[in-house]
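Proteins come first, then strands; the chains are lettered A, B, ... in the order of their sequence lines, and each starts at number 1.
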2 protein chains.
Amino acid sequence: MVRKPTSKESARKPNMREAILAAAEELFATNGFNAVSVRDIAQAAGANPGSVTYHFKTKDGLLLEIYRRHCGPMNLRRSELLAAAKRVRDLQDRLEAIVRAYVVPAFTSGSDLAGGGARFTRLRAVMSAEGNEVARKIIAQTFDDTSHAFIDAIHESLPHIPRTDIVWRSHFLLGALYYSLVTPDRVSRLSRGEADGSDAAGAIEQLVQATVAAFQAPALDQAAPARRRPVVSSKT
Amino acid sequence: MVRKPTSKESARKPNMREAILAAAEELFATNGFNAVSVRDIAQAAGANPGSVTYHFKTKDGLLLEIYRRHCGPMNLRRSELLAAAKRVRDLQDRLEAIVRAYVVPAFTSGSDLAGGGARFTRLRAVMSAEGNEVARKIIAQTFDDTSHAFIDAIHESLPHIPRTDIVWRSHFLLGALYYSLVTPDRVSRLSRGEADGSDAAGAIEQLVQATVAAFQAPALDQAAPARRRPVVSSKT
DNA sequence: TGATCTTTTGTACGATAGTACAAATCACAT
DNA sequence: ATGTGATTTGTACTATCGTACAAAAGATCA
């Protein structure tokens, strides 16, 4: 009802709909959902507030469309890279390739959308922190399969580690990934300018290196359980 | 002007001010700052909206007071634990003790405030994701010193790792820590019920184990730099 | 050109936001 | 008991929110 498939396709002229999506993505990703008004988005896109209603009906609908736009391509890219990674023979290299297959699409473009991978991942991080209902629903039904696939693949590379530990560690990976996109300036600040938190390539290398080591850590249960907690008790 | 230091101290009767603080903390931590109205907070605390204005002047003032309440005690506790950790002789044990000194106060109570450590840390995670100005300011000037102290201590335990890498890895640690508190249900879901994401003790053990290994990973620069990137390039 | 779409604009409406403030109430020293 | 300062209540003001909708503008093809 909305698109017009006549003649030479579409998406040729400066598309207002796309401008609104891009502006919303950027604003949501940096300020959160509730802090951004429809009017803010319209203004940033050079559009009229009513135009947002026309294209996306509601503010939730706009968020939903942003997710629809990115989830598919990013999942596809991850699946491709995961499939390639699983073909790596050397076990150590394979683990690293799997982690890379998970991380890279989150930092770089998920499709041909202009460099939007990192922006969308940051958006996901913010929505997750805010407990956004729309996001929670679509994320659980879109990404859980992929997450399981990665967890299984990692588990195959590290069969001596219990699956529970793998789940925790991949959860930590996602948290680290999110946080790197949310506050890259903190890295620059704490490193006193020696590192650039906004440098995606650098962040990826650091994250992959650290995460591979984390996955390879000994399992919790069998790691000298009588020796744990050397200094600290849980209450003062 | 506000407190009344007459006779036997204060804070004896059911304190409305405390109830408002607790309710705000809980609501902000689960829904974000902008999604929660002053009226929501008042209702949750069993108070009148005007009462919030009376005690904290503005909504920002309320958030600020929450931070003031927790930052000091949590930093103090971390410093104590860090000092104790630095006295551990064995290098491996010391590193673990340092990480634990960083993690434990974030999960457990920062002071005698009822079990509020995890709640406050979750609040910080959410405010950080939302790019909240009030939070950003107070965090940078309150926690950066402590963060540097931890980074330095870790660096002393791992002198062969460049400080830049330590910064990145401790950044990942904080991200993982935040995310574990923000969406513990994801751990339960992905582990198919085998792990409980809300179990603080379990989360701490997993996080410490994984993070220690991550810190001990070889440095990026000197780790066979010609061999990196086995599968994936950075663009499709 | 004129008819028929789609898209954009402008404006308005009800709901709710943060905050201010006067009146009512409470706690307690004298 | 009573006066006094601290607290709580109730209400109101203005701003802004998401959304609806009619009119204007633009595009497409007979």
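Note: Y67(B) and F120(B) have perpendicular aromatic rings, judged against thresholds of 30 and 60 degrees for the angle between ring planes. The aromatic rings of F172(A) and W168(A) sit tilted, their planes meeting at an angle between 30° and 60°. Using cut-offs of 30° and 60° for the angle between ring planes, the F28(A) and F33(A) rings count as tilted.
Applying the 4.0 Å criterion to OP1 and OP2 of dT8(D), one finds that H55(B) has a side-chain N or O inside that range. Regarding contacts with the backbone of dT8(D), every side-chain N or O of Y54(B) stays at 4.0 angstrom or more from both OP1 and OP2. Residue N48(B) places at least one side-chain N or O under 4.0 Å from the OP1 or OP2 atom of dG10(D).
When the options R186(B), R192(B), R189(B) are evaluated for a salt bridge (charged side-chain N to carboxylate O under 4.0 Å, His left out) with D144(A), the one that passes is R189(B).
Remark: nothing in residues 21-30 of chain B comes within less than 4.0 Å of DNA chain D through any heavy atom. Listed by residue number, V36(A), S37(A), V38(A), R39(A) are the residues of residues 31-47 of chain A with a heavy-atom contact under 4.0 Å to DNA chain D.
Applying the salt bridge (Lys or Arg N to Asp or Glu O under 4.0 Å) criterion to D196(A), with sequence neighbours excluded, gives no partner residue.
In this structure, the CG atom of N15(B) is 14 Å from the C1' atom of dC26(C), given to the nearest Å. Spacing between atom NZ of K59(B) and atom P of dA17(C) amounts to 9 Å, rounded to whole angstrom units.
Using a cutoff of 4.0 Å between basic side-chain nitrogens and carboxylate oxygens, E25(A) and R122(A) are not scored as salt-bridged. Salt bridge E130(B)/R136(B): absent, no basic N to carboxylate O contact under 4.0 Å.
The side-chain tip of R78(A) does not point at the ring of F143(A) from less than 6.0 angstrom away and within 45° of straight on.
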